[in-house]
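The next block holds one structure in the form of structure tokens; read it before the comments.
The structure displayed is predicted, hence computed values, not measured ones.
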Amino acid sequence: MTSFETSARVGDARSGKLHCRDTVVETPHLFPVINFYCGGLARTHFGGGVFRTVKEFLSNEVPAANGTDYSEYFRGVMTSVASLTDFGLSRERYLSYLETPVKSRPEFAEFDGALFVDSGGYKLLNEGSLSGTNFSIETSQKLIHGIQRAFGADIAVNLDLPFEESDVYRDRVSKTEATASFAAEFVNMDAEGSRRYLTVHGYSKAMLDRFFDTVARTLPGPIDQFYDGIAFGGLVPKKDDLNGLINAVSSLKTVLAERNLSHLPIHVLGISGRAMPLLIALGVDTFDSSTYLHSAINGKYSTSLFTSTNVAEADFDICDCPVCTSPALRQQMRGDAEYQKDILGPVAVHNLILQQQFVKRLRRSIAEGNREQLRTFLENAYQDRPQSRKFAYRVINQTLGSYF
Amino acid sequence: MSEQLEYRKPSVNEVNEFLEIASDFQDPLELIREALSNSYDAKASRVTIEIDQRFDGRTRIRIQDDGNGMDEEGLTSFFDLGNSTKEDSIGYKGHGTKIYYKSDLVEVDTAKDGVGYRAVMEDPWEKLNSHELPEYSLYSGTGVDETYTNIEIVGFRSGEGFSAGKLTYNRINHYINWKTIGGSLAHRLAADPHEMEIRVELDDVFDDTRNELVQQSRFEFPQERTDLQRLDDIESACKHYPYRQRTVEVNGREVTYDIVGFVAGKEAREELPTYGRHSTQFGIWLAKDHIKVERVPSVVGSDHETPRFFFVANCQELELSANRETVRNKSSALFDALVSDLKRFLDRVVEDPWYREYLAQRKTVEIEESADEAAGSIQDRIERARYANTVSVSNSHELIARCTEYASSGGSFGQIVDFDSTEDIEAIVEKGGEYRAVALTPSLHDLFVAERAVREADQIICWEYGDLDILRQIEVDGYLGRDIQFVLSAEEPYCELDGERIPVLELQQCFS
Ligand SMILES: [Zn+2]
């Protein structure tokens with residue numbers, strides 16, 4: 001069975017279903033970044049401060065979730081192999097974390113979303129190893145894949161080397177070759193029913209063409225014979241450059257079309273916020289982001305996809321999400337809690353819900369095939385944002401037809 | 001409190017009021033504006049304005065239209081102040097006709113509903129200035145079949161006067177198109193404008209170049225030419241952006257306005273009439289009654305050149321000064337909301353695919369022009385080098401030049417005899433009496449990223465090829481509208497620009 005079915009298109013935007021083992025994710029979709037293992041114990045949901053509170057929501061734990069079902073906001077989540085070392089880790093805990101897949105653990109029994117496990121291998125490759133407090137394992141495609149399997153990944157990507165701003169041509173060539181060889185190694189490993197995504201890098205059509213040529217040379221057959229999707233990486237440094245993002249994604253779409261790979265779902269790694277609706281309009285299917293959490297940690301309560309206010313000044317009445325309408329959680333967000341994580345955890349979940357609601361509206365417009373509705377929704381979303389408005393109009397013109 | 005004595009009304013000095021309002025009008029041409037508006041409001045299909053000079057040297061202006069005419073009430077309000085009977089009239093109600101008071105004689109002949117009227121007012125301006133309210137006599141007679149209005153003004157006063165030098169067909173034509181109902185955009189902004197033919201006849205004393213001027217009451221855009229295939233066409237390109245109705249929110253209330261316009265190159269813009277400096281007439285105009293009033297310069301951002309745009313935004317909720325020259329409610333929420341929304345609208349225009357293509361083509365034209373200049377100056381430089389016969393290398397590219405000499409140790413290369421770093425093609429190389437134009441660059445991709453004109457180059461010398469991804473992307477996108485290919489793996493590497501081969505030398509290789 002194919003892993004991805006598209007059911008509707010409006011312009012270049014598409015809506016569909018991503019089948020991952022026993023879970024189905026409706027696209028477009030935003031995967032929140034979750035760190036499952038933060039150095040803690042099972043009884044603390046493996047710790048992690050604000051992450052821990054978010055995990056309580058994800059697993060419908062009392063008192064955080066308080067009986068409300070939050071699962072629709074966690075239909076698919078992203079986690080990274082590299083995050084294992086974020087909080088310091090002993091060998092014993094490392095082994096115990098890998099003993100049981102995430103979704104088979106009683107702590108996360110309520111979580112039934114799709115689990116996308118990024119390699120995060122760039123960080124580990126730079127460090128040369130996965131290093132805990134009392135152990136160290138050399139980084140390799142095999143190690144990364146082993147951890148992805150141990151997590152119980154529904155979607156896994158190959159190890160990759162993203163480009164950096166300072167890279168010259170030769171650097172990009174050698175990184176592409178390394179990524180391609182990891183991609184070739186990856187397809188020989190047992191996937192155990194998980195979906196494989198190919199990491200792709202490049203900002204222009206020429207770079208992407210060279211990338212795909214290189215990968216095609218290393219694989220023994222067509223890319224879609226081995227890979228179920230495309231994970232477009234290396235765009236985080238461009239997150240504030242809408243022009244660059246739009247060009248990169250448009251180029252990728254062109255390259256995939258020319259190579260008869262348009263049927264593969266496209267995931268953009270590490271991007272959300274103001275660019276996301278435009279990239280959806282261009283045909284990106286899924287995203288992941290940790291901004292919901294990081295802005296909460298910085299005390300930011302989102303008021304729209306683009307704006308936020310300090311939690312202390314937030315008016316919870318203007319939001320009808322389950323977090324803001326819960327008297328107990330409002331109390332907590334106002335500061336009435338013993339730990340910071342219980343103040344900011346609900347804020348993070350609210351921030352996430354706001355983003356998810358936005359994506360859901362886009363998804364519905366696309367699914368209904370309603371070009372005018374999608375157009376108006378996008379135009380209205382950007383009309384009072386002079387810096388990004390012109391890029392929005394460009395994408396709308398390009399994909400949904402000119403205003404004139 | 002004490003007992004109330006009586007009710008009192010504040011009084012008005014009528015004479016001063018008339019004087020002041022009439023004085024608001026400065027330009028004598030404003031009389032023509034007023035006359036045309038009145039005829040249009042009277043649903044006239046033709047209006048004729050004749051201006052001549054009487055034997056005593058005074059000007060006489062006659063305005064005749066075939067409109068609905070006036071009855072007694074209409075005539076009364078024609079002479080009264082602030083008492084217009086018209087519901088749907090142009091301009092500030094009841095003020096405009098007071099411009100006629102700046103004269104020695106006002107005669108009005110008009111007919112409506114079978115009754116003809118004649119009103120005569122003598123020496124209004126002199127009387128007002130002697131603090132006397134001028135009177136008019138009124139006659140009537142029945143049995144008139146048609147409807148019409150004929151007005152005659154003698155000895156009109158103005159700051160500038162109707163001097164022979166200033167009153168020309170050309171000037172009046174442009175004024176009518178730019179400032180009056182004759183330049184109405186109703187036909188572009190709304191569905192059903194009323195058409196009126198305007199005829200102006202000037203005495204030979206003023207302008208003897210032709211007998212009359214005839215035009216319709218509509219502002220014509222330059223002809224639309226959206227085809228950008230030929231580079232020569234770019235200056236005459238013109239795209240019309242069709243009428244759109246837009247809504248803005250002002251204090252919780254919805255206000256609509258209409259906008260229409262075009263984007264054009266210089267030649268196309270020259271087709272427009274002008275009043276004042278041509279360059280200052282482009283940009284985004286606010287309008288009322290479908291007539292342009294005032295520009296809002298802030299709408300076109302610094303990324304774009306204002307003179308490329310001509311847009312007119314008509315909003316009936318704008319309030320105008322008495323002489324219609326400016327918007328009066330500029331510090332209102334309405335004005336702010338309009339300006340914000342015009343910025344949104346202009347973003348749509350500049351992100352429209354045609355406009356983006358137009359900008360790209362313009363850039364190509366600019367580079368082409370620079371290439372044409374290069375062709376000329378290369379010839380000059382070869383001539384100079386031929387006679388001066390000295391080597392001049394004195395800047396940052398000197399190093400490359402020296403490297404070139406190294407490479408030529410076998411005598412195969414020649415000698416750099418002219419070098420100018422401000423040129424796209426910096427060097428002239430001489431060998432055996434033959435001269436070559438050579439573009440120098442540290443890396444090949446730099447040369448093309450900088451969009452230098454290389455068409456005239458006989459050779460490109462680079463230290464290294466540089467970023468091949470960038471070069472491949474240039475092949476994909478084309479270079480300044482031309483096909484380009486880099487064939488660098490060949491024995492004699494070259495780049496091919498629209499079929500023309502330019503040899504490329506990678507110097508680094510000569511040293512390894
Ligand atoms: Zn909320």
If you count every heavy atom of other residues, nucleotides or ligands that lies below 6.0 Å from [X] atom [atom1], does the total exceed 12?
X      : atom1 : answer
B/N251 : CG    : no
A/K239 : NZ    : no
B/E500 : CD    : no
B/R253 : CZ    : yes

Next item on the list: Look up atom OH in A/Y169 and atom CZ in B/R472, then write down how far apart they are to the nearest 0.5 Å.
Entry: 7.5 Å

Check: Which bit of B/V349 is near chain A, if near means a heavy-atom gap under 4.5 Å: side chain, backbone, both or neither?
Finding: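 B/V349 touches chain A through backbone and side-chain heavy atoms alike.
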
Notebook entry, point to check: Among residues 377-404 of chain A, which ones touch chain B with a heavy-atom distance under 4.5 Å?
Noted result: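 Under the 4.5 Å heavy-atom cut-off, A/E379, A/Q383, A/D384, A/P386, A/R389, A/K390, A/Y393, A/R394, A/N397, A/S402, A/Y403, A/F404 qualify.
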
Next item on the list: Report the residues that fulfil salt bridge (charged side-chain N to carboxylate O under 4.0 Å, His left out) with A/R361, sequence neighbours left out, ordered by chain and then residue number.
Entry: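 Partners of A/R361 under the salt bridge (charged side-chain N to carboxylate O under 4.0 Å, His left out) test: none.
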
Item checked: For the student: nearest non-hydrogen atoms of A/K205 and B/Q473, plus distance -> N-OE1, 3.1 Å

